[in-house]
Amino acid sequence: MLAIIGGTGLSEIEAFDHVGFKQIPTPFSDDPVNIHLYKFENKEIVFLSRHGEKGSIPPHRINYRANIWALNSIGALDVIAINVVGGINPKAGPGGFIIPDQLIDYSHNRASTFYEDDLSAVIHIDFSCPFSSKLRDKLATGFADANQSQNESDQRSLIRGGVYGCTQGPRLETSAEIVRMKNDGCDVVGMTAMPEASLAREIELNYAMLAFSVNWAAGLGDGEISMTQIRNTIKNGAQFLVSVLSCCAKNYD
Ligand code: HPA
């Protein structure tokens, strides 16, 4: 079963039939995790809003362990994560998309493993390739299909491959931090891929990300980063994003 984790600006998927909710208890919180159940062309798809139902949980306060645990216990096998990012690569400007194949984790103090209670055997997962290449291919196919139904002038750009740098937030970065991240090889910067991606690997879920660039990273655009512009970019891209997800769901078996 396919799961979608929605980020900022994607708290529901109106194009799919909403058939219910499930509240999944987990060992990581007194509160259950709310999972939306959708149907699309007779396929069950589960959806989780990363920032909570009201979109009010900041990146460093998200209970990543509870979320990933809940998706696993409801029977998800493949997880498509939607993450908004700032563009560092000149080709990753606002409105563009990227399916990263690598990440660098700059976040800290986040509960980042399921292997904490039983310390009788130390577990080190292989994380050389943090994203599932099969699922990345499926995302790229869905993206191409969605672009085909767009007018010529509304085509969206996609970078296949690239490095996602995950910062702690909730503040945005300094210009110097972005220069450092650029030197490190980061193409985009966001705050939510980790530890989500590594927890998915720990629990053996296939995980890939479609990142949506909503601003130039600090120091790379004109002046300060504007929340109004970010909101507008998200609004303008929301329909296309849902169209990509519909195409992915259509192709999913
Ligand atoms: N930095 C970090 N996270 C982000 C950004 C950014 O510029 N834009 C959207 N998410």
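Numbering of ligands and ligand atoms starts at 1, following listing order. In what follows, every heavy atom counts, from backbone to side chain, and hydrogens, waters and symmetry copies are set aside. Along the sequence shown, residues are numbered consecutively beginning with 1.
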Handout entry: Flag for Glu173-Tyr106: side-chain donor and acceptor within less than 3.5 Å
Key = no
Exercise for the section: Using the six-membered ring wherever Trp is involved, compare the ring planes of Tyr38 and His36 and label them parallel, tilted or perpendicular (cut-offs 30° and 60°). Expected result: parallel
Handout entry: salt bridge (charged side-chain N to carboxylate O under 4.0 Å, His left out) involving Arg160 - partner list, sequence neighbours excluded
Key = Asp137
Fill in the blank from the handout: By salt bridge (charged side-chain N to carboxylate O under 4.0 Å, His left out), Glu177 pairs with (sequence neighbours left out) Arg171
Practice task
Would you mind checking if Arg65 and Glu116 are paired as a salt bridge, meaning a charged N to carboxylate O distance below 4.0 Å?
Solution key: yes
Practice task
Among residues two or more places apart or on two chains, list those pairs meeting side-chain hydrogen bond (donor to acceptor under 3.5 Å, both in side chains) that have a residue in residues 242-253.
Solution key: Asp78-Tyr252, Asp145-Asn251
Completion exercise
Residue shell for ligand 1, any heavy atom closer than 4.0 Å, reads Val84, Val85, Gly86, Leu172, Glu173, Val189, Gly190, Met191, Val214, Asn215
